[in-house]
Asks: 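Got a structure for you, written out below as C-alpha cells; questions coming shortly.
In what follows, chains carry the letters A, B, and so on, assigned in the order in which the sequence lines appear, proteins first and then strands, with residues in each chain numbered from 1. All values below come from the heavy atoms of this structure, side chains included, with hydrogens, waters and symmetry mates left out.
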Number of protein chains: 2
Amino acid sequence: MKKIDLKELNLNEKEEKILQSSIKLFSEKGFSAATSKEIAKDAGVSEGIIFKYFKTKKDILKAILLHLINILSEKIVLKGIKDIFKNDKECDIKTVLKKVIYDRIKMVDKIYPMAQIIFMEAILHEEIRDAVYNNIIKKAMEIFNDFYFQMAEKNILRKNVDIMVVFRSILSNIAIFIAQKKIFGKYFKFENIDKEIDKVIDVILNGITVQ
Amino acid sequence: MKKIDLKELNLNEKEEKILQSSIKLFSEKGFSAATSKEIAKDAGVSEGIIFKYFKTKKDILKAILLHLINILSEKIVLKGIKDIFKNDKECDIKTVLKKVIYDRIKMVDKIYPMAQIIFMEAILHEEIRDAVYNNIIKKAMEIFNDFYFQMAEKNILRKNVDIMVVFRSILSNIAIFIAQKKIFGKYFKFENIDKEIDKVIDVILNGITVQ
DNA sequence: GTTATAATTAAGTGATTACTCACTCAATTA
DNA sequence: TAATTGAGTGAGTAATCACTTAATTATAAC
C-alpha cells in the first residue's frame, strides 16, 4: 500500500502511523466498519494511544478530511491546474488539456485512498460536501472559467456553450477514467494511458458527429 | 421519502417494510452505520422479525443489491435504452440522445437511494462490483455499441473514435448531472432540466472547439 | 543513580451491536 | 369447542464497539 504524503501536517511518528492506517482502513471498509482496534493493530500502536492523539474516532476522519481539504486543497488540488493554465496560455488547446488531464489523473492516483474517503463521506455528510464544494469545486470552477474565457476570446474555443456544462463534462471524463481504472480496473485494462487520454480529448474537443 | 417499487420481488408486507426502511437508512448513513434497531423502528416492526426474514443484516443488503441487480437490471436499467435505440433508428441523433439521457435521469431519480447504495457498496465490495459490471455495464455497453455502429454506418456519427471512450463520455455526463442534482443540489439549481440536457448534448455532439 | 516527566500500554469500562429464543395470541383446522 | 399453528414480539445474549485509566516503561535532567 502506497502511503500518502502527510508531511504538511507536522505530525509525530505515532500520529502519522495512525492516520496512514486509518486512511487505508477507511478506504477499504468505510469509516463505520473500520474499528479502532484494527487501526491500532495496523499502525502497530496500542489502542489507547489513538485516543491520546485523536479525541474520538470521528476526529481521525476529520483530520483526514477537513484538515486536508482546507490545508492541502490549494497545494495538491488547485496548484497543478493553475500552473498549467497560467503557463500555457499560448500553447494549443490540445496540449493544455492533455497536461491538465494527465496531471489530474496522476494527482488523484497519488492521494487515491484519501480521495475515495472524501468522495464517499461527502455523499453521506453535508459538512464534508460543503468543505469539498467551497475548497475544491468552486475554486477549480473559477480557474477553469478564466481559462475558458481567454480561449474563447482567442476564438479557439466556442463562445456559444455553457462553461459550466463544459467544466462538468471535462471533470466527469476525468472522474470516470479514474473510476474505471481504480474501481473497475479488473475489467478494463489500458495498455497505453497516453493514447487513452488523447482519445478522450479528441471527443471533448471535436464531439462525435461527422462534421 | 418516495418509496421504491419492489413489487417484482413478491414480498409480504413486513418484508417490504423492512426493505424500504433499510434502503432509506443504508442510503442515508451507509450500511455499517445503520442499525437493525433503527430499521425495525422505521419499519414499525420488531427487531426479531427482521432476522426471521433475513438471516443477517448483510442479507438485507444482498436482497437490496444482488437480487435487484439480477432481477430488475433488465427491466429498469436496460429496457429503457434498448427501446429508445431500437425504435428511433431513423430519428435524428439529437432526439435519440435526448430521449436516452432524459430517460436515464428519470430512471435513476426513481430508484435513487438504491442506486446510491449500489454505487457506494460497489466501491467497497468486489462481489457487488462484479454484479454491477456483468448485469449493467457490460450489457449497456453492448446495446450502445450496436447503436453507435449503425449511426456510424449512416455517416451520422464519427467512425474514427473509440466507442468505449464515447460510451464513457456520455455515461459520465449523465452521472455527473445526476450527482450535481442529488448530492450538490444545494449549490446548483437548474430551472430548466430540458435546456440543461440540450446543452450537454450539444457539447457531446459538437465538442468545444470552434470549427 | 535518582527523580520527575512524558509516552505508551494492557486491561479494563459501559454502551451498543447483531442476533436469539421463550413466549404470546390471533387465525386456522380438527 | 378444542387443538394446533406460525407470525410476531421484545427482553435477553454474547460479542464487539469506542473510549478510559491505572500501571508500566522510556526519556531526560541533574
Asks: Using heavy-atom distances to pick each residue's nearest nucleotide on DNA chain D, tell me which of A/Lys55 and A/Glu38 is more 5'.
Replies: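 Residue closer to the 5' terminus by nearest nucleotide: A/Glu38.
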Asks: Nearest whole Å is fine: how far is D/dC17 P from A/Ile39 CD1?
Replies: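 Distance, rounded to whole Å: 11 Å.
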Asks: Taking atom C1' of C/dT16 as reference, at what distance in whole Å does atom NZ of B/Lys37 sit?
Replies: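 One finds 8 Å between C1' of C/dT16 and NZ of B/Lys37, rounded.
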Asks: A/Ala40 near the nucleic acid: base, sugar-phosphate alone, or nothing, with a heavy-atom cut-off under 4.0 Å?
Replies: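 The answer is nothing, as A/Ala40 stays clear of every strand by at least 4.0 Å.
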Asks: Between P on D/dA11 and CD1 on B/Ile50, what's the gap in Å once rounded to a whole number?
Replies: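 Going from CD1 in B/Ile50 over to P in D/dA11 covers 15 Å.
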Asks: Measure from NZ on A/Lys62 to C1' on D/dA18 and round the result to the nearest Å.
Replies: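 Computing the A/Lys62:NZ to D/dA18:C1' distance gives 15 Å.
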Asks: Taking the minimum atom-to-atom distance to the side chain of A/Ile49, which one of C/dT8, D/dT9, C/dA18 wins?
Replies: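 For A/Ile49, the side-chain atoms sit closest to C/dT8.
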Asks: Using OP1 and OP2 only, check whether a side-chain N or O of A/Tyr53 sits under 4.0 Å from C/dT8.
Replies: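 Checking A/Tyr53 against C/dT8: at least one side-chain N or O falls below 4.0 Å of OP1 or OP2.
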Asks: What's the closest nucleotide to the side chain of A/Phe51 if the choices are D/dT20, C/dT9, D/dT9?
Replies: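 Among the listed nucleotides, the one closest to the side chain of A/Phe51 is D/dT20.
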Asks: Return the value, rounded to whole Å, for the distance between atom CZ of B/Phe54 and atom P of D/dA7.
Replies: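 These atoms are roughly 14 Å apart.
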Asks: Side chain of B/Lys14 only, heavy atoms from C-beta on: which candidate in C/dT8, D/dG8, C/dA18 is closest?
Replies: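 From the listed options, D/dG8 comes nearest.
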Asks: Rounded to the nearest angstrom, tell me the gap between atom CG in B/Asn12 and atom P in D/dG6.
Replies: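 Answer to the nearest Å: 15 Å.
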Asks: Please check if the side chain of A/Ser21 supplies one atom and the backbone of A/Ile18 the other of a donor-acceptor pair under 3.5 Å.
Replies: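 Not at all, since once roles are kept as given, no pair shorter than 3.5 Å links the two residues.
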Asks: So, does A/Lys52 get its side chain near the phosphate of C/dA7, meaning an N or O under 4.0 Å from OP1 or OP2?
Replies: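 Yes.
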Asks: Can we call the ring centroids of B/Tyr148 and B/Phe167 under 6.0 Å apart?
Replies: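 No - the distance between ring centres of B/Tyr148 and B/Phe167 does not fall below the 6.0 Å cut-off.
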Asks: Do the side chains of A/Lys94 and A/Asp202 get close enough for a salt bridge, i.e. N-O under 4.0 angstrom?
Replies: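 Between A/Asp202 and A/Lys94 there is no salt bridge, as every charged N stays at least 4.0 Å from the carboxylate O atoms.
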Asks: Using 4.0 Å as the upper bound for N to carboxylate O, is an ion pair formed by B/Glu126 and A/Lys186?
Replies: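 B/Glu126 and A/Lys186: salt-bridged.
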Asks: Take B/Gly48 and A/Ala33, find for each the nucleotide of DNA chain D with the closest heavy atom, and name the residue whose nucleotide sits nearer the 5' end.
Replies: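 It is B/Gly48, whose closest nucleotide lies nearer the 5' terminus.
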Asks: Looking for any heavy atom pair under 4.0 Å, which part of the strands does A/Ser36 touch: base, sugar-phosphate only, or nothing?
Replies: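 Counting heavy atoms under 4.0 Å across all strands, the contact made by A/Ser36 includes a base.
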Asks: Is any side-chain N of the basic residue among B/Glu121 and B/Lys62 closer than 4.0 Å to the acidic one's carboxylate O?
Replies: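 Looking at B/Glu121 and B/Lys62, the cut-off is not met.
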Asks: Taking the minimum atom-to-atom distance to the side chain of B/Ser46, which one of C/dC19, C/dT8, D/dT9 wins?
Replies: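 Nucleotide nearest to B/Ser46's side chain: D/dT9.
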Asks: What is the separation between atom CD on B/Glu47 and atom P on D/dT13, rounded to the nearest whole Å?
Replies: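 The answer, rounded to whole Å, is 15 Å.
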Asks: In whole angstrom, give the distance that lies between atom CD1 of A/Ile18 and atom P of D/dA18.
Replies: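 These atoms are roughly 14 Å apart.
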